[in-house]
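Each chain gets a letter, A, B and so on, in the order the sequences are listed, and its residues count up from 1.
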Amino acid sequence: MTETTSRAKQVNENQCHMCMPLGGVLALRGVEDSIALVHGSQGCSTYMRLANVEHFNEPIDIASSSLNEKQAIFGGEANLRIALDNVIRVYRPKVIGILTSCLSETMGDDVGRFVETYRRDREIGEIEIIPVSTPSYGGTHTEGFWATTRAVIAHYARPAERHRGINVIVPNISPADIREIKRLLDLMGLEYTLLPDYSLTLDRPFGGRYTKIAPGGTPAAAIARMSGARATIQFGLTCPDSLSPGRFLKERFGVPLIDLPLPIGLENTDLFVGTLKDLGGRPVPASLVLERGWLCDAMADAHKINAAARPVVYGEPELIYALAKFCLENGSVPAVIASGTQNSALSALLRPLLQDALEETIVLEEADFVTIEDAAVRTSANLAVGHSGGRYLTERQGIPGLRVGYPVHDRVGGQRILSVGYTGTLAFLDRFTNTLLEAKYGSYRRLRREELLNERGESNAKA
Amino acid sequence: MENECSVPTACIDERQFSIVTTGKNKSRIHCADDSLAGAVSQRACVYSGARVVLNPVTDAVHLVHGPIGCAAYTWDIRGSLSSGPEMFRQSFSTDLKERDVVFGGEKKLVACIDEVVGKYHPPAIFVYATCVVGLIGDDIVAVCKEASGRHGIDVIPVESSGFLSGNKIVGYRAAGEALLKLIRPKDGETVEKTRKLNFLGEYNLGGEKWLVERYLREMGIEINVAFTGDSTVAALKRAPGACLNLVQCSGSMHWVAMNLEKEYGTPYIDVNFFGAANTAESLRRIARFYGDEEIVRRTEALIEREMERVRPVVEKYRARLAGKRAAIYVGGAFKALAIIRQLQELGMEVVFTGTQTGKQEDYEQIGAIVSEGTVVIDDANPAEIEKFLLEKDVDMMAGGVKERFLAHKLGIGFVDHNHDRKDGLAGFDGAIRFAREVYATTCSPVWERVKKNPFEEAEG
């Protein structure tokens with residue numbers, strides 16, 4: 001493992017990360033009857049809508065306080081109040097999450113105080129307003145996601161009576177992945193509160209009507225009870241302590257925290273299912289044993305093909321850690337593991353996984369795609385696994401691409417990309433193997449010919 | 001169902017004056033103002049306006065001075081094609097962090113410019129100011145001037161702090177100013193006049209500039225440079241040498257054309273290559289300008305040949321589309337007008353339309369060509385779009401990415417007419433492609449299927 005943890009260059013060229021409030025928007029979609037309001041200039045919310053619409057293929061409304069020059073000078077309180085009034089009138093939300101932008105943070109707007117005054121002046125009854133500090137220069141969309149999830153829990157959690165349920169806190173994964181995790185929890189017979197649950201709000205069935213606030217999301221009452229849960233499972237090995245929702249519940253309410261890797265791959269899924277069993281779930285049902293068996297069968301059948309893979313795996317820390325583990329258990333040693341996020345936990349987690357590999361892996365943090373592309377070319381990577389930001393790896397370097405993570409805007413179905421659990425891992429494994437096979441079948445005749453014959457079609461071996 | 005008898009009502013009272021019905025409201029539409037906070041406007045920001053105009057300059061480095069979001073959201077955002085350099089598809093950001101915001105970002109900007117010049121030797125760098133940069137007061141003009149002198153290339157500041165306005169037009173202006181700065185000949189330099197023309201407000205989406213270039217060449221006319229589709233810095237610097245400027249996207253380029261006339265004496269005419277009739281009319285107008293009989297003869301021959309090709313296609317689709325009801329919500333009035341006309345050629349009725357950036361005179365033009373009873377909205381939001389799609393019983397909507405899935409959710413066809421599309425819609429070929437797309441979505445078998453639920457009764 002070769003580490004390159006900090007960026008030597010100044011300019012960020014082809015971004016591997018997005019801005020902090022964007023992650024906040026996603027997390028808020030996982031709270032029932034909520035809407036996000038970005039306190040900033042109009043462009044921020046519009047761009048975030050665009051990014052999300054392209055990934056989820058769903059209409060996504062994000063309000064904005066539409067700050068202009070005047071407010072940049074005199075403060076944004078008046079505009080924020082108008083924005084809250086209008087959002088309440090049109091959307092009738094139960095929860096409004098206010099995400100700050102670079103602009104409002106730099107202006108120094110005290111959103112917490114604005115909200116207090118607003119609450120005092122307006123009779124808005126049961127409507128909750130949750131401000132979250134998410135300046136774009138303060139982190140990436142990953143941190144925005146965790147910070148907002150933590151803020152939502154901190155807003156609702158009260159000392160609650162102990163109960164049998166468990167908490168499940170997920171990072172930025174696809175709606176399909178959330179549904180699969182819930183299915184596993186149901187199969188194992190556990191009561192749970194999953195947060196943030198945008199499995200329905202960001203992947204809505206066709207219904208002939210457009211509901212302004214999509215049905216679904218974790219209800220406030222359930223969030224309030226998270227403080228009394230038996231334990232928290234958080235897929236957040238790489239989540240910084242200061243932003244960790246599970247850690248907050250542990251420190252404030254004594255809820256034991258079990259940090260697990262995302263259940264992608266056989267071993268990680270075993271770990272999740274085993275944990276559910278240990279937490280008092282029912283014995284692993286036969287149907288799940290079957291699913292596991294099918295995955296094992298596929299791993300056996302494809303192992304030699306996958307051994308030829310030298311993938312470049314990039315994206316958010318939590319996802320790429322799980323994907324790296326998946327690769328290694330299938331005999332593929334990643335050529336490059338890269339994140340646009342700077343994350344102190346990631347390298348330490350990867351080190352023991354990579355130490356016995358015969359091939360080197362370059363680990364990059366706070367990386368942009370020019371750095372990633374360069375590393376991928378140097379290591380002769382032959383598969384690119386991650387979001388749409390890696391398109392040039394395919395377009396310019398000819399490295400076949402496999403889409404997973406966020407955002408995916410050059411393929412349909414970002415919301416349906418399934419990679420967790422035995423079933424999801426199997427689906428991912430097939431995509432992984434078949435991408436390699438497609439590249440191989442499309443090129444081996446030409447490559448072997450070029451390698452062994454000269455232009456006249458004769459063997460180029462020396463006589 | 002159509003709500004003929006009542007004046008359309010806004011979802012937020014304050015927006016009532018931004019919505020009119022043609023033939024019913026006698027008052028003028030309220031437009032070209034800041035967006036109402038919390039209304040969930042479809043508009044973007046000043047930076048966005050500047051970025052979409054300048055981005056197609058293919059060999060320039062586009063360096064976004066600010067935190068990462070602004071650059072990440074606009075990386076490779078347009079469907080603009082290049083015949084050569086691909087530099088414009090790289091996304092450069094100074095990626096400001098907290099410490100830069102506290103201590104100022106000028107040093108980092110200087111370092112980034114140096115790094116980019118050292119690595120790529122670009123002929124020019126556009127440095128875009130974002131919200132934070134405007135607020136912390138980084139002097140990008142001074143940094144750019146200094147860097148320009150040091151590296152001997154054009155380093156051009158684009159004053160596009162997002163908060164300056166919620167209206168992209170302010171960003172178009174910032175881009176226009178940057179372009180004028182770029183093409184202004186240095187002291188002692190002159191650009192010789194030619195018989196070529198500049199094509200302003202053409203971004204080469206899906207190769208549209210190349211298509212028009214093919215028509216013009218057949219007529220005996222050459223394009224000097226397009227603003228900014230498939231342009232290079234060197235080609236833009238030759239802009240003063242044109243004998244005529246065509247203005248297509250008037251929102252972004254009318255002001256530039258006026259200034260080119262003032263500074264270089266180059267006249268301009270409005271053109272529009274969306275739709276067969278518009279294309280023919282525009283080509284004739286250009287031919288007339290040159291006033292050369294041979295050019296006029298060639299132009300008429302071209303139009304006749306192409307119209308022969310387009311007519312049966314349009315007729316084929318028109319037979320299926322006649323009487324269908326359409327909605328249009330796009331960024332600029334130029335585009336709205338072009339689409340209205342094309343849909344009318346296909347026999348459709350436009351019952352609801354609007355723009356993000358239209359001005360009073362734009363809306364007057366729109367009002368003049370749509371039928372009575374059409375709802376016209378300035379700076380619409382999803383709640384209003386949904387409301388009027390349903391009230392006006394729309395069969396098909398044309399718009400951008402944000403509107404697409406709203407229409408789909410309601411079971412309404414959708415035509416993409418946005419700046420990131422990959423297929424050209426200009427010229428005679430574009431007219432054919434547009435007609436086909438309108439048909440494919442309006443008359444898709446999907447709608448009939450998905451709107452039926454065989455299990456409804458079972459659920460009781």
Colleague: Between B:R99 and A:Y137, is any pair of side-chain heavy atoms under 4.5 Å apart?
Modeller: no
Colleague: Ignoring hydrogens and angles, tell me if any N or O in the side chain of B:E115 forms a donor-acceptor pair with the backbone of A:Q10 under 3.5 Å.
Modeller: yes
Colleague: Please look at A:R204 and chain B and tell me whether the side chain, the backbone, both or neither of the residue comes under 4.5 angstrom of a heavy atom of that chain.
Modeller: both
Colleague: Quick one: are A:Y47 and B:T74 in side-chain contact, heavy atoms under 4.5 Å?
Modeller: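 They are in contact (side-chain heavy atoms under 4.5 Å apart), so the answer is yes.
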Colleague: Taking A:E58 first and then B:R404, would you say they form a salt bridge - that is, a charged N and a carboxylate O separated by under 4.0 Å?
Modeller: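 A salt bridge is absent here (no side-chain N lies under 4.0 Å from a carboxylate O).
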Colleague: Looking at A:N86 and B:A37, would you say the former's side chain and the latter's main chain have a donor-acceptor pair under 3.5 Å?
Modeller: yes
Colleague: One thing to verify: whether B:K402 and A:E54 come together as a salt bridge, which I'm taking to mean a side-chain N less than 4.0 angstrom from a carboxylate O.
Modeller: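 Answer for the salt bridge query: no.
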Colleague: Kindly indicate, with the supporting measurements, whether the criterion side-chain hydrogen bond (donor to acceptor under 3.5 Å, both in side chains) is fulfilled by B:Q42 and A:T46.
Modeller: CA-CA 6 Å; B:Q42 310 291 88; A:T46 304; over 6 Å; no
Colleague: Side chains of A:Q15 and B:S93: donor-acceptor distance under 3.5 Å anywhere?
Modeller: no
Colleague: With a 3.5 Å cut-off and no angle check, do the side chains of B:D76 and A:Y392 form a donor-acceptor pair?
Modeller: yes
Colleague: Please determine, among A:V87, A:L103, A:V370, the option with the most heavy-atom pairs under 4.5 Å with chain B.
Modeller: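 Among A:V87, A:L103, A:V370, the one with the most close pairs to chain B is A:L103.
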Colleague: So which part of A:F56 gets closer than 4.5 Å to some heavy atom of chain B, the side chain, the backbone, both or neither?
Modeller: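 Neither part, no heavy atoms under 4.5 Å.
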Colleague: Given the rule in the salt bridge (charged side-chain N to carboxylate O under 4.0 Å, His left out) test, do B:R89 and A:E395 qualify, once you have shown the distances and angles that lead to the verdict?
Modeller: CA-CA 12 Å; B:R89 297 186 58 210; A:E395 191 183 318; 2.4 Å; yes
Colleague: In the structure I gave you, are the side-chain heavy atoms of A:M18 and B:Y73 within less than 4.5 Å of one another anywhere?
Modeller: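 Of all side-chain heavy-atom pairs linking B:Y73 with A:M18, at least one is under 4.5 Å.
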Colleague: Where do A:S136 and B:P67 come nearest, in terms of heavy atoms and distance?
Modeller: OG-CB, 3.5 Å
